[in-house]
Each structure stands twice: as C-alpha cells, then as structure tokens.
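Any value given below was found using the heavy atoms of this structure, including those in side chains, with hydrogens, waters and symmetry copies removed. In what follows, every chain begins at residue 1, and chains take the letters A, B, ... in the order their sequences are listed.
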Number of protein chains: 2
Amino acid sequence: MRLTTKGRYAVTAMLDLALHEGQGPISLADISERQGISLSYLEQLFAKLRRNELVKSVRGPGGGYQLNHEKQAISVAQVVDAVNESVEATGCARQGDCQSGETCLTHHLWCDLSNQIHSFLNGISLADLVVRKDVKDVADRQDRRHSSQVFLTATDSLRADKAAV
Amino acid sequence: MRLTTKGRYAVTAMLDLALHEGQGPISLADISERQGISLSYLEQLFAKLRRNELVKSVRGPGGGYQLNHEKQAISVAQVVDAVNESVEATGCARQGDCQSGETCLTHHLWCDLSNQIHSFLNGISLADLVVRKDVKDVADRQDRRHSSQVFLTATDSLRADKAAV
DNA sequence: ATAATGTCCTACTTAAATGCTCGGATAAAT
DNA sequence: ATTTATCCGAGCATTTAAGTAGGACATTAT
C-alpha cells in the first residue's frame, strides 16, 4: 500500500477541475500554477487519468481538460487507482498466497484494513469535496491569488460565456 | 503513507511472539522459519521494536525475545509505527503547510483518511488477533509444520517448563 | 501562412527506500 | 571453550517517486 504526492496530486488536480467546471477546458498550466504542481508531472498524471476515462481533453489554444463524468460519479478511490497508487494493504493482492503459496499469519488483518480504506475513499466523490467548507476556503484563496488574467482579455471572457451556456 | 512487507513483517513477528507467549524467549531463528522472514532482516526490525520498548531480549543460548507489555496493551498501530512505517496520509505531517507554507486543497481529506486508518489499527491489539479464527488456523498449521524439534531435547522441554512457571 | 498555445509522448535523471546479505562483536549457557 | 543467541554496521540490488528535457502533433488566432 502506498499513498504519496502522486495520488494526492491526482486528486487535487481533479478537484481543481471540479471547482472550475463550467468555465470550459482548464489548462494544465493553470492547475500547475494554482496547485503548485510541476507541469510536466501533471502531463504524466493526466495521461493516466485520460486513459482511465476520468477526463477528456481539448487540444490547441484555449484547450485543456474537463471531467468526463458528473462530479458525483467520480470517487477519490477511482482517481487514486487511476495513477496506479493502490490502497491495497495486502502484499498478495488478496490472493492469500502471501507466504510461499499459503496464507500468512496476518493476511486477513490487511484485508480488513484494505476494505476500510477502500470503502472510505469510495464513499467520497468530487462533488462531496467541492461543497466542503475547508475546500471552499482554500479554493477562494487560490482564485483570489491567481485571478489576475482570467477576465483581462476579451477572448477569455468570451470563452467563459460560451462555456457557461 | 506507506505499508509494505516491512510493517507487515513486524506485525506478523509480534503476533508470533504473542502466540508463543509463556514458552520462554522466542529466538528470531524460530520466527524466521515459521513466518518465512529473513533472519538478518528480522534482526533489524527487532532492533527498532526493542528501542520502542515493545519487546525485551534475552541474550545467549536459550535466549530470544518476549513481549514487553501485555498483549492487550500492544496495538497494531504501535508496531507499524515502531518500524517507521507511518500510516500518515498527509504529506505535511498534519501541519497544513503542504503547498509552500499554506494548506493545500485536499489537506483535510487526507487528515480524515489518516484518522480512519489510525483509529482502525489502534483499535486492534495483539490479544484481539490471537483469538481470531483465521489467525488460529494459520498458527496451528505453522506449529504442526515446525514442531519437529521443539520437544526433542531435554533442555528444550526443561526450558519450556521453567518458562511456564 | 505562420505563430502561438495547448496536449501528447518518450526518455532520462536524481534521490530515497525496501529488502536483503555479510562480517563481526558481545553476552550467556553448556 | 564452544555454542547459541542477540547486537551492530556497512553495503548492495532493485524499485519507485518526482521532476526535467525535448520534441511531435493539433488547433486557434493573427
């Protein structure tokens, strides 16, 4: 089992998409700036998210990424899984062949733990996160800090209007 | 957050001690054989367990390790912690300074997850594991397979008798 | 057309950790 | 004195995370 910045980055980036839903495609450059994640690294993560059909992409200027499903339908567990960070606590992938073909002494304990974690992360959707107070607070701060050029150009507000329809 | 064979080995070894409590000191060679863990690696793990005062050691022939507290008083979480496998899911050690000094978008989510895992593993003691059916089954199988020389020598049964007093 | 802006893709690098092995020192029992 | 065990340190192969670098391709705006 393993949960590092990899999985955390993925969830954070997906939550960023959910927060800016309805504003058209969001570029990775925007996410990189807002969330403090390396652009190149984001590209690699989104390649996996796209292959798992959690996001869809639009290429070219004004392009970026959008959620491929309703926010309610995307769980944190799905996102973490998509970037290959299993929250599986057993070493045998639940096979029970941990100790040279046989079940090890603590196999069932780690199975129980895996169930706990998985059901917890499975029960939280991006929609659930979006409405949380602690998430809103941080999102507001980030928007205030990075809103400098959002409504500066005519094309940008035009795009936002189009997307809002 | 990370849970690999390191933490699983530690819990398995501690459970082995709990299962053979009352039989005097248990050597790492015995645990190595029963649980299929490298002896040298066990030594390293038990060095940490000893420094965390979870076990006490007896040197010399007939020596080995014993639990330093009642089985009921040792939780799985303590054992995992002792070998430096934190089940902490945040990257900021709960400080909230995840994103260049400020709180990141998903900080509270990972805090919640950490609480879940920690309270789960904290609520399970070695005593709880010893009485579980799945644990008993595996333990019986292991005892049957590795009991060949336990009661063969006079010194061994003598030692067991002494320890039982 | 062409320049700019984005995704897409591959390969490389650095650092850290895991899971071991090996060699030897020390303590205690036979 | 020899055996049995814990102790202790160094070292090593492998994997992974996390990020860099460079470029190809698609799309929009000039």
C:dC20, OP1 or OP2 - any side-chain N/O from B:Tyr41 closer than 4.0 Å?
no
Within the pair B:Arg50 and D:dC8, is there a side-chain N or O less than 4.0 Å away from OP1 or OP2?
yes
I'd like to know if A:Arg2 reaches the base of D:dT16 with its side chain, counting only an N/O donor and acceptor under 3.5 Å.
no
Would you mind reading off the distance between [X] atom [atom1] and [N] atom [atom2], rounded to a whole angstrom?
X       : N      : atom1 : atom2 : answer
A:Leu45 : D:dT20 : CG    : P     : 13 Å
A:Leu42 : C:dC9  : CG    : P     : 16 Å
A:Lys48 : D:dT16 : NZ    : P     : 10 Å
A:Leu39 : C:dG6  : CG    : C1'   : 10 Å
B:Asn84 : C:dA17 : CG    : P     : 10 Å
B:Gln44 : C:dG24 : CD    : P     : 18 Å
A:Gln66 : C:dT7  : CD    : P     : 12 Å
A:Glu43 : D:dA21 : CD    : C1'   : 11 Å

Would you mind classifying the nucleic acid contact of [X] as base, sugar-phosphate or nothing, using non-hydrogen atoms under 4.0 angstrom?
X       : result
B:Ser27 : sugar-phosphate
B:Tyr65 : sugar-phosphate
B:Phe46 : nothing

Closer than 4.0 angstrom, basic N to acidic O: yes or no for B:Lys133 and B:Asp137?
yes
Hey, is B:Glu85 close enough to B:Lys48 for a salt bridge, meaning N to O under 4.0 Å?
no
By nearest-nucleotide position on DNA chain C, the 5'-leaning member of A:Ser40 and A:Pro61 is A:Pro61
If the plane angle is over 60° it's perpendicular, under 30° parallel, otherwise tilted; pick one for A:Tyr9 and A:Tyr41.
perpendicular
Report the residue (A:Ser38 or B:Ser57) whose heavy-atom-nearest nucleotide on DNA chain D is the more 5′ of the two.
B:Ser57
Please evaluate residues B:Ile26 and B:Arg34 with respect to the criterion side chain to side chain contact (heavy atoms under 4.5 Å, CB included), reporting the C-alpha separation (whole Å), side-chain torsions for both, the decisive distance (0.1 Å), and the verdict.
CA-CA 11 Å; B:Ile26 305 294; B:Arg34 270 193 298 260; 3.5 Å; yes
Options D:dA18, D:dC7, C:dG19, nucleotide nearest the side-chain atoms of B:Arg59:
D:dC7
With distance as the sole criterion, is a donor-acceptor pair present between the side chains of B:Gln35 and B:Gln142 under 3.5 Å?
yes
